[in-house]
Amino acid sequence: MKYDHTEIELRWQDTWDKKNVFLAEVDHSKPKFYCLEMFPYPSGNMHMGHVRNYSIGDAMARFQRMMGKNVLYPMGYDSFGMPAENAAKKERGHPADVTNRNISSIMSDQKRMGYSYDWGRQFATSEVDYYKWNQSMFLDLYEKGLVERRSAPVNWCVDCDTVLANEQVKNNRCWRCGLEVVQRDMSQWFLRMTQYSDELLDSLDQIGFPENVKAMQRNWIGRSKGAEIRFPVEGSNHEIACFTTRPDTIFGVTFLTLSPEHELCPILCSGSSWEDGWLELKDECAKLSEFERINLLKEKKGVFLGRYALNPLSGERIPIYAGNFVVAGYGTGAVMAVPGHDQRDFEFATKYGLEIRTVLEDGSNSNSEESASSAFTGYGPMFGSTRMELDGLAGDEAKSAVISLLESENSGSGKTQYRLRDWLLSRQRFWGTPIPMVHCSSCGTVPVPKEELPVTLPLDLTFSEDQGGNPLASHEKFCSVNCPKCGIEATRETDTMDTFYDSSWYFMRFCDAKNSESPFSRQAVDYWMGDGVDLYIGGIEHAVMHLLYARFFTKATRDMGMNSVGEPFERLVCQGMLNAPAPYCKSCNAEYHVDLDGQSCPSCGDVLGTRSAKMSKSLGNTVSPVEMIDRYGADTVRLFILFGANPEAGMEWSDTAIDSNHRHLVSIIDAFQAPLSFGDSKQNIDNWLLAKGRYNMIRWMQSMENVSLREGVMISHYEMLSDWQWYQRRGGSDRNAALSYMSIWAQMIAPATPHIAEELWMSIGGKGMLANKIAKPEEVTQDDKVLLATETYLKSVIDTSRNLLTLAQRHSDRPLERMVIQTAPSWAQDLASEAVSLSRVGFDFPNSGLDHIKSHPTFTTSEDKGKVMQTWSMITTGAKKKRGKIQTWSEDEKALISIPEMELSILDADRHFIATSLGIKQVDVYEAGLGEDVGGKARFAMPLEPGIAFV
RNA sequence: GCAGGGGUACCCGAGCGGUCAAAGGGGCCGGACUUAAGCUCCGGUGGCAAGGCCUUCGUGGGUUCAAAUCCCACCCCCUGCACCA
């Protein structure tokens, strides 16, 4: 068969499409499987990262379909967002046009890969039919009290001209453009995600996310339990509230530290000689955020504010400081400093000569040198407190005792603090969902009534690069509206929604994509997402943002009665990085663009080497999927991706490997041609072939089920071929057996390389299409096990012999021509077989084995009692460092041993094959003791390990 | 600093108490096929005096009759968070 991959692939894609084989319908008679990939932002062409993501998903979707599941496998586009807006500015067009162009490009690339999506459910989030539901659910959330408009200091990116959510700020920089963010006080829309902090954190334990993703989310939510303690300020009515996780160290407080931005700072020091110092510190901190804050903040700095507070439990008078290391936005922005038991406070106290007091016993016996340079931050019994009843308490017990004491004296309380903030939803950008609100001078902010939805983005706009701000704000027709409440002239809200809102529920829309009455029907979502999306595949970069928002949204809609799903994603697989070589300078530890390949380092002048680095435009080490599809076909690209590495592992692009994968596919095609010329010639090896096929398929199914795709593909595309080659080498040539093997094989290669699988399936006369065929799980019988063990045994005898032959040949001055194989004597075989039976009933060989053999007829009647005893112990308990054979034989080998004379008959039947494999003229096989003991090799003869001699 | 994941033969990578000198792939070497190269097939790929012995799974200790695998300490790499009280 000529392998014209383009012709074959396009033909099958067309057939699948015409027969609608991938359309999904609710069907309660089958178990469902929802396979989902993180839908792409349509930035242009499909890149290799997409190909990897979708090849994994498609293999799983196809596999689960074959396993008889009702599979939902949809695709759509996350098409709102800034890049389209920026591109529109460049070409003086409209983002809608840019977006539509990109969507059709990426969609056609996806179709060319042959992914089995239900295209009937496809949508893009920038379509009115989608985003009107964004608005409708926003109003529902508003109704439910989960939407809030409030003025707060927010992160502003000057370059992107918009506010950012907390999750979108990394290292104080904008996640998109990398520019340092600034704080601004603005009135903004928030979703009250913090209402769900505890559930978002606690239910992480129940879901199948990778550990690192769970860790990142836990870290992000950042729940810490402790207490809020109020310290009265001496000589004033003010109190300073401090959050601490260590109330048990309250008697070690020797000062308080406020963040320089803390509202009490000016109150405490204004007009005093300390005011200038505070102002200076505050200015310095504000300036610092404009450049490398992280590096410069290593040094702790603080100023005394000139006032004292009182320890609420001891009444002790303690100084109040402002310190640059106290974060205004966390807790109360004020810290009770315990230098004896907190490293940061220790450093601060050391620098400013403040008292360092120990109030917990350090049981670890650390030496005095260590304690001079660090605080003891562990737990230990309290001592020296002014409240005797607390002394001696440690850990949680101490914490709760202090908390109840504070509560009873009304100077503090137990408190749980979270790092998670509410989701800042509004963006000052055009290309997003308009927030359906109206600002009225007399009614305030008023929601747009549902029946007036959608609030549509105007299309009669052009964009240009010299334009700043949000063009919506200057679009008069859009802005002018009458107040829905009182009817007077009002203005529309011009902020749009964060695009992460769009992707927070798209997976529910996929369940019911054409619904025109509501975002989705409860029945459809409950059916497809009853226990979550069964498999969700995407990049680790969404570990916090998207995955947290989507979990929140699912819980919020559940509580609004829209579904009964608690967690959206039951199992998450994050595919690894796709790497390719890039020029690399070892001494500078820097990677460079491939243009510098073979040249010297631009900064130090050393000769550049290469190193594997993430495929990226900036390094230029990307590979174009379309080019590869043209050259090798979609099937080869898919095989390369799946065989190259397991989904979670990083993988390396390799030109030689994809080439070799392509040749491998050609070998499989060639293998399928062979049976066509076969006739009827039934032999023993045919049964082996069928048994091996069944055995492989079962292992394959297990691997695929676990999403161990590399392992699965190794079995379906590699082991199946080598087993086929072994069959032919062993002289197999039966048409029926071969076709039966091929029919299993074609099914196994279908999930990874579906086009060629269909073609091969058709070529062997298979009925219907593999795309909707249900694979029948096969059983491996006891007979199969013996057949499998037979060939393994034969292979091992040949391998050992080959090794022995080279050694023997070394000591011989003429070519060795004859091989003599002596199998273990029948009494030894019998003992082995008996030992196998005994081991199955848990016989105690170390203790009772000796008695057993001493009274055994084989031993009592034997001429050579020593030999019998030695054999028995080698079988049962082992000798020297080796364990008894009984413990090392596999189940298959045990099955083989239990059949009398089996070894002899296997070897005897295949004398000719052994001879050819070794290049020997003659092979003689007999039982040790029943023929001449050639070379004295009879003594090596053990069950499954015959004595072998060459002459 | 904290958290998560890693370090296995020339390279990639499986194994996670004994069946392990360690699957599979790539590369390399040899043989067969071929006029030849390529393709394909077969074999080899830690060392040696070879049915065995010795050395090896980041480094050093330990547990065990037995350790790549379990425990402890250390070193290195990746990823994320980071003065979070």
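As a basis for the values below, the full set of heavy atoms in this structure was taken, side chains included, without hydrogen atoms, waters or symmetry mates. Reminder, nothing fancy here: chain letters follow the sequence lines and each chain counts from 1.
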Undergrad: Counting only heavy atoms not in K351(A), do more than 12 sit closer than 6.0 Å to its NZ atom?
TA: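 Yes, the 6.0 Å shell around NZ holds more than 12 heavy atoms from other groups.
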
Undergrad: Please name the nucleotide paired to U79(B) by Watson-Crick or G-U wobble geometry with both distances under 3.5 Å, or report none.
TA: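 Paired with A3(B).
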
Undergrad: Rounded to the nearest Å, what distance is computed from the CD atom of residue Q217(A) to the P atom of nucleotide C2(B)?
TA: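 My rounded result for the distance is 23 Å.
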
Undergrad: Of all heavy-atom pairs between G712(A) and W700(A), which one has the smallest distance, and what is that distance?
TA: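 Heavy-atom minimum between the residues: O-CD1, 3.1 Å.
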
Undergrad: For G7(B) and G47(B), measure between their C1' atoms and round to the nearest Å.
TA: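 About 25 Å, rounded to a whole number of Å.
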
Undergrad: Which part of the nucleic acid does G947(A) contact within heavy-atom distance under 4.0 Å: base, sugar-phosphate only, or nothing?
TA: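 Counting heavy atoms under 4.0 Å across all strands, the contact made by G947(A) includes a base.
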
Undergrad: From the options A3(B), G51(B), U40(B), select the nucleotide whose nearest atom is closest to the side chain of K937(A).
TA: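 Closest nucleotide to the K937(A) side chain: G51(B).
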
Undergrad: What is the separation between atom CD1 on I798(A) and atom P on G51(B), rounded to the nearest whole Å?
TA: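 Whole-Å distance recorded here is 20 Å.
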
Undergrad: Check every atom of A85(B), U19(B), A23(B) against the side chain of M714(A) and return the nucleotide holding the closest atom.
TA: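 That would be A23(B).
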
Undergrad: Under a 3.5 Å cut-off for both contacts, is C16(B) paired Watson-Crick or G-U wobble with anything, and if yes, with which nucleotide?
TA: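 Base-paired to nothing in any strand shown.
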
Undergrad: Using the C1' atom on both, measure G6(B) against C16(B) and round to a whole Å.
TA: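 Here G6(B) and C16(B) have their C1' atoms 14 Å from each other.
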
Undergrad: With a 3.5 Å limit on both atom pairs, tell me what A66(B) is paired to, counting Watson-Crick and G-U wobble, or say none.
TA: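 Pairing partner, where one exists within any strand: none, as none qualifies.
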
Undergrad: Evaluate whether the aromatic ring of Y718(A) and the six-membered ring of the G24(B) base sit under 5.5 Å apart, centre to centre, with an inclination under 30°.
TA: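 Stack criterion not met.
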
Undergrad: I want to check a possible cation-pi pair here: K692(A) against W726(A), using under 6.0 Å from ring centre and within 45° of the ring axis as the test.
TA: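 That pair does not qualify as a cation-pi contact.
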
Undergrad: Select one nucleotide: of A82(B), G51(B), A85(B), the one nearest the side-chain heavy atoms of R419(A).
TA: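 Closest nucleotide among those given: A82(B).
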
Undergrad: Looking at the side chain of N324(A), which of C42(B), C83(B), A85(B) is the nearest nucleotide?
TA: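 Among the listed nucleotides, the one closest to the side chain of N324(A) is C83(B).
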
Undergrad: Is there a Watson-Crick or G-U wobble partner for A73(B) with both distances under 3.5 Å, and which nucleotide is it?
TA: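 Check on A73(B): paired to U59(B), both distances under 3.5 Å.
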
Undergrad: Can you tell me which nucleotide in A85(B), G80(B), G51(B) comes closest to the side chain of N219(A)?
TA: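 Within the option list, the nearest is G80(B).
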
Undergrad: Is the terminal nitrogen or CZ of R710(A) (NZ for Lys, CZ for Arg) located under 6.0 angstrom from the six-membered ring centre of F643(A) and within 45° of that ring's axis?
TA: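 Here R710(A) passes the 6.0 Å and 45° test against F643(A).
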
Undergrad: Measure from CD on Q728(A) to P on C42(B) and round the result to the nearest Å.
TA: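 Spelled out: CD on Q728(A) to P on C42(B) is 10 Å.
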
Undergrad: For V326(A), answer base if it contacts any base atom (sugar-phosphate contacts may also be present), sugar-phosphate if it contacts only those atoms, and nothing otherwise; contact means non-hydrogen atoms under 4.0 Å.
TA: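 It contacts base atoms.
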
Undergrad: Looking at K214(A), I'd like to know if its NZ atom is crowded, meaning that more than 12 non-hydrogen atoms belonging to other residues, nucleotides or ligands lie closer than 6.0 Å.
TA: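 Counting neighbours around NZ of K214(A), more than 12 heavy atoms of other residues, nucleotides or ligands fall under 6.0 Å, so yes.
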
Undergrad: Is the phosphate of G25(B), meaning OP1 or OP2, less than 4.0 Å from a side-chain N or O of S660(A)?
TA: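 Checking S660(A) against G25(B): no side-chain N or O falls below 4.0 Å of OP1 or OP2.
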
Undergrad: Closest to the Q725(A) side chain: G43(B), G51(B), U40(B)?
TA: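 Output: U40(B).
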
Undergrad: Using the benzene-type ring in the case of Trp, are the ring centres of Y3(A) and H662(A) under 6.0 Å apart?
TA: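 Y3(A) vs H662(A): aromatic centres under 6.0 Å.
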
Undergrad: Nearest heavy-atom pair of T800(A) and S796(A): which atoms, and what distance?
TA: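 Answer, listing the atom of T800(A) first, then S796(A): OG1-O, 2.8 Å.
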
Undergrad: Once each nucleotide of nucleotides 5-16 of chain B is scored for protein heavy atoms under 4.0 Å, what B/S/- sequence comes out, 5' to 3'?
TA: --------S---

Undergrad: With a 3.5 angstrom cut-off on both distances, give the Watson-Crick or G-U wobble partner of A23(B), or none if there isn't one.
TA: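 With both distances under 3.5 Å required, A23(B) matches none.
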
Undergrad: Any side-chain N or O of Q887(A) less than 4.0 Å from the OP1 or OP2 oxygen of G18(B)?
TA: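 Result: no.
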
Undergrad: Taking the six-membered ring for Trp and the single ring otherwise, decide whether the centroids of Y352(A) and F255(A) are under 6.0 Å apart.
TA: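 Ring-ring flag for Y352(A)/F255(A): false, centres at least 6.0 Å apart.
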
Undergrad: Which nucleotide, if any, forms a Watson-Crick or G-U wobble pair with G43(B), using both distances under 3.5 Å?
TA: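 Its partner is C29(B).
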
Undergrad: Tell me which of M336(A) and T806(A) sits closer to the 5' end of RNA chain B, going by the nucleotide each one is nearest to.
TA: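 On the 5' side of the pair lies T806(A).
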
Undergrad: Given the C1' atoms of A3(B) and C57(B), what is the spacing between them in whole Å?
TA: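 To the nearest whole Å, 27 Å.
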
Undergrad: For RNA chain B, whose closest nucleotide is more 5', that of V327(A) or that of A215(A)?
TA: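 Its nucleotide being nearer the 5' end, the pick is A215(A).
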
Undergrad: What pairs with R344(A) under side chain to side chain contact (heavy atoms under 4.5 Å, CB included), at least two apart in sequence or on another chain?
TA: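 Scan of R344(A) (side chain to side chain contact (heavy atoms under 4.5 Å, CB included), adjacent residues dropped) gives K300(A), F325(A), D342(A).
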
Undergrad: Quantified in whole Å, what is the C1' atom distance between nucleotide U79(B) and nucleotide C10(B)?
TA: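 My reading of the C1' atoms in U79(B) and C10(B) gives 28 Å.
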
Undergrad: Does a nitrogen or oxygen in the side chain of R218(A) sit under 4.0 Å from OP1 or OP2 of A3(B)?
TA: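 Looking at the OP1 and OP2 atoms of A3(B), neither is under 4.0 Å from any side-chain N or O of R218(A).
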
